[in-house]
Participant: 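Questions regarding the structure given below will be posed in turn.
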Amino acid sequence: DQQVKQNSPSLSVQEGRISILNCDYTNSMFDYFLWYKKYPAEGPTFLISISSIKDKNEDGRFTVFLNKSAKHLSLHIVPSQPGDSAVYFCAAVTGGYQKVTFGTGTKLQVIP
Amino acid sequence: KAGVTQTPRYLIKTRGQQVTLSCSPISGHRSVSWYQQTPGQGLQFLFEYFSETQRNKGNFPGRFSGRQFSNSRSEMNVSTLELGDSALYLCASSPGPLTGVVEQYFGPGTRLTVT
């Protein structure tokens with residue numbers, strides 16, 4: 001039962017262009033959604049989060065959009081940089097933050 | 001502040017053996033979660049501890065267990081190892097509930113190989 005899905009295992013984008021990473025979920029009880037970035041041989045690093053009561057949150061080059069009716073969220077990176085090349089995981093939290101459900105990840109490659 | 005530390009970083013075990021992994025959270029963090037990462041499966045939630053109590057558990061067999069100590073350090077144990085247990089085991093810490101902090105801070109992981 002994969003409650004959080006990232007249907008694109010990989011994405012390639014030219015440097016300077018926009019990267020859009022997508023995530024779908026099935027559980028309408030999720031309270032928060034988060035994005036993490038992971039480099040090889042390192043643990044995931046928190047990027048940005050959004051509450052279920054909001055539809056947009058922005059932090060520098062990173063913006064997360066939440067569409068509750070479609071149970072869909074996306075991460076926009078503008079402009080994309082080669083250092084952004086990593087695996088991106090979306091995650092969802094419920095129940096007093098006791099349990100975090102992660103997607104399977106999307107590998108982003110930013111081409112110089 | 002020092003980050004989350006995990007020991008050991010790499011481990012090779014034989015089927016049937018048992019293994020204990022250790023995690024030291026960020027100072028002041030009282031919640032510790034464990035995840036298993038395998039190719040194509042993302043991060044699978046194992047369990048979460050807060051104040052020495054397991055608050056939630058993922059869908060893993062009873063061979064996977066854990067505990068948390070009074071200083072918030074945590075250990076996880078896997079008994080009767082199987083080849084399919086080969087994975088990256090990640091520990092994450094956070095301040096805990098009612099702090100307004102949602103995100104978790106991850107350690108570098110322990111790479112377990114079962115032969």
Side-chain angles (χ1 to χ4, degrees), chain A residues 1-10 21 23-25 27 29-54 57 59 62 64 66 73 75 86-107, chain B residues 2-7 9-10 21 23-26 29-51 53-60 68 87-111:
Chain A
D1 175 18
Q2 192 69 29
Q3 295 188 53
V4 178
K5 297 181 183 180
Q6 293 176 258
N7 293 316
S8 299
S10 63
L21 297 99
C23 181
D24 297 300
Y25 63 95
N27 187 347
M29 300 301 291
F30 286 134
D31 300 307
Y32 271 90
F33 301 89
L34 307 94
W35 285 93
Y36 287 84
K37 178 170 73 173
K38 186 180 186 299
Y39 294 117
E42 295 182 12
T45 303
F46 169 72
L47 270 177
I48 190 169
S49 64
I50 186 168
S51 164
S52 61
I53 63 173
K54 298 194 173 182
N57 189 26
D59 185 0
F62 302 91
V64 57
L66 176 62
L73 67 155
L75 174 68
V87 177
Y88 289 78
F89 291 96
C90 69
V93 182
T94 187
Y97 318 143
Q98 292 182 26
K99 183 175 179 180
V100 182
T101 303
F102 280 82
T104 51
T106 297
K107 185 175 183 178
Chain B
V4 178
T5 58
Q6 292 186 245
T7 56
R9 290 292 310 277
Y10 302 91
L21 311 181
C23 171
S24 292
I26 291 173
H29 285 192
R30 297 170 62 194
S31 172
V32 174
S33 298
W34 288 89
Y35 297 87
Q36 181 195 66
Q37 185 187 12
T38 53
Q41 292 295 316
L43 277 71
Q44 302 289 314
F45 173 79
L46 280 157
F47 25 67
E48 188 255 354
Y49 287 88
F50 175 75
S51 291
T53 300
Q54 186 184 92
R55 297 197 300 163
N56 212 334
K57 189 176 181 347
N59 297 323
F60 279 83
Q68 187 180 35
L88 180 68
Y89 290 88
L90 291 158
C91 167
S93 77
S94 64
L98 304 178
T99 62
V101 177
V102 183
E103 64 269 24
Q104 295 177 315
Y105 297 82
F106 283 81
T110 294
R111 172 71 64 185

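It should be emphasised that the depicted structure is a prediction, and the values quoted were computed from it without experimental measurement.
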Participant: Please report whether the ring centroid of F47(B) lies less than 6.0 Å from that of Y49(B).
Facilitator: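 Distance test on ring centres: under 6.0 Å, yes.
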Participant: Side chain, backbone, both or neither: which part of Y35(B) has an atom under 4.5 Å from a heavy atom of chain A?
Facilitator: side chain
Participant: Would you mind telling me which of Q44(B), E103(B), R111(B), Q6(B) has the largest number of heavy-atom pairs within less than 4.5 Å of chain A?
Facilitator: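 Heavy-atom pairs under 4.5 Å are most numerous for E103(B).
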Participant: Mind ranking P44(A), G103(A), G105(A), A41(A) by heavy-atom pairs under 4.5 Å with chain B and telling me who comes out on top?
Facilitator: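 The residue among P44(A), G103(A), G105(A), A41(A) with the greatest pair count is P44(A).
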Participant: So, using side-chain contact (heavy atoms from CB on, under 4.5 Å) as the criterion, who are the partners of T45(A) when residues are at least two apart?
Facilitator: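 Per chain and number, T45(A) pairs via side-chain contact (heavy atoms from CB on, under 4.5 Å) with no residue.
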Participant: Determine whether R9(B) and P108(B) make a side-chain contact, defined as any pair of heavy atoms from C-beta on separated by less than 4.5 Å.
Facilitator: yes
Participant: W35(A): what forms a side-chain hydrogen bond (donor to acceptor under 3.5 Å, both in side chains) with it, not counting sequence neighbours?
Facilitator: none
Participant: In terms of heavy-atom proximity below 4.5 Å to chain A, should L43(B) be classed as side chain, backbone, both, or neither?
Facilitator: both
